[in-house]
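Comments concern the structure below.
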Amino acid sequence: MTDCPCGSTLPFDRCCGPVLAGEPAATPEALMRSRYTAYVLCDVDHLERSLAPEALKDHDRKGAEQWAKSVEWLGLAINGTSAGGAEDQTGVVDFTVRFRQNGAEHNHHETSSFRRHDGRWVYVDGKIHNEPVVKGPKVGRNDPCPCGSGKKYKHCCGR
């Protein structure tokens, strides 16, 4: 069995695998772990499927796919969670993702909001705690955000 990319120490087929295959995530943390794994595996369908309707309108599928393929994913750390239990309608996950891009290592620290939509947890939005480090050409307002959110720069870190 293969360990899950999310770092849970569980095998993929008992962790993020079922969620990527379409099963509902049990908690916001489980959905966050599956979204990280989707980036590692470049599963853009899951990234879209796990967005709240209001987040989906700003989603750039091509940008998310390019981002997923352009970096080497080094790990996910869950820093903390709040709410998101069986009776809750909302939840929050604070996490840090490590990745390497163009030979340099980066951290992406975010506090993400989740809510139930049609009985499933979905990603609503996130507050980024660090500015992405961008080397090379300037990021255009309509380019995919280098933080990896899948949104356009102007709707994310470029605000």
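By the rule that hydrophobic residues join a cluster once side-chain heavy atoms approach within less than 4.5 Å of another member, Leu31 and Leu10 end up as members of separate clusters. Phe12 and Tyr39 fall within a single hydrophobic cluster, where Ile, Leu, Val, Met, Phe, Trp and Tyr are joined by side-chain heavy atoms under 4.5 Å apart, directly or via other members. Under the 4.5 Å side-chain heavy-atom criterion for grouping Ile, Leu, Val, Met, Phe, Trp and Tyr, Val97 is not connected to Val92 through any hydrophobic cluster. Hydrophobic cluster membership is shared by Leu41 and Leu76, with clusters built from Ile, Leu, Val, Met, Phe, Trp and Tyr side chains linked at under 4.5 angstrom.
To the nearest 0.5 Å, atoms SG (Cys6) and CE (Met32) are separated by 10.0 Å. How far CZ of Phe95 is from OG1 of Thr111: 8.0 Å, rounded to the nearest 0.5 Å. Distance check: His106 NE2 to Thr96 OG1 gives 15.0 Å after rounding to the nearest 0.5 Å.
With sequence neighbours excluded, the residues satisfying side-chain contact (heavy atoms from CB on, under 4.5 Å) with Ser70 are Trp67, Gln101. Checked against side-chain hydrogen bond (donor to acceptor under 3.5 Å, both in side chains), Lys57 has no partners two or more places apart in sequence or in another chain. Under the rule for a ring-ring contact (aromatic ring centres under 6.0 Å, His included), the partners of His109 that lie at least two apart in sequence or sit in another chain are His129. Considering only residues two or more places apart in sequence or on other chains, Lys62 meets the salt bridge (charged side-chain N to carboxylate O under 4.0 Å, His left out) condition with none of them. Every residue was checked against the side-chain hydrogen bond (donor to acceptor under 3.5 Å, both in side chains) condition with Ser8, not counting sequence neighbours, and none meets it.
Ring-plane geometry between Phe114 and Tyr123 is classed as perpendicular, the angle between the planes exceeding 60 degrees on a 0 to 90 degree scale with a lower cut at 30.
Taking both residues in full, the closest heavy atoms of Glu110 and Gly126 are given as OE2-CA, 3.4 Å, listed atom of the first, atom of the second, then distance. Closest of all the heavy-atom pairs between Pro28 and Gly84 is CD-O, 3.4 Å. What you find for Trp121 and Ala26 is that their closest heavy atoms are NE1-O, 3.3 Å. Pairing each heavy atom of Glu65 with each of Cys42, the nearest pair is CG-SG, 3.7 Å.
Distance alone, capped at 3.5 Å, places no donor-acceptor pair between the Thr37 side chain and the Ser34 backbone. For the pair Tyr36 (side chain) and Gly75 (backbone), a donor-acceptor distance under 3.5 Å is present.
Pairs engaging residues 85-100 under the salt bridge (Lys or Arg N to Asp or Glu O under 4.0 Å) rule: Glu72-Arg100, Arg98-Glu105, Arg100-Glu105 [sequence neighbours left out]. The salt bridge (Lys or Arg N to Asp or Glu O under 4.0 Å) analysis of residues 17-30, with sequence neighbours excluded, yields the pairs Glu29-Arg33.
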Side chains of residues 47-56: which donor-acceptor pairs under 3.5 Å do they make with residues two or more places apart or in other chains?
from, atom 1, to, atom 2, distance (Å)
Glu48, OE1, Arg61, NH1, 3.0
Glu48, OE2, Arg61, NH1, 3.4
Arg49, NH2, Leu20, O, 2.8
Arg49, NH2, His46, ND1, 3.3
Ser50, OG, Arg35, NH1, 2.7
Ser50, OG, His46, O, 2.9
Ser50, OG, Leu47, O, 3.1
Glu54, OE1, Arg115, NH2, 2.7
Glu54, OE2, Arg115, NH2, 2.9

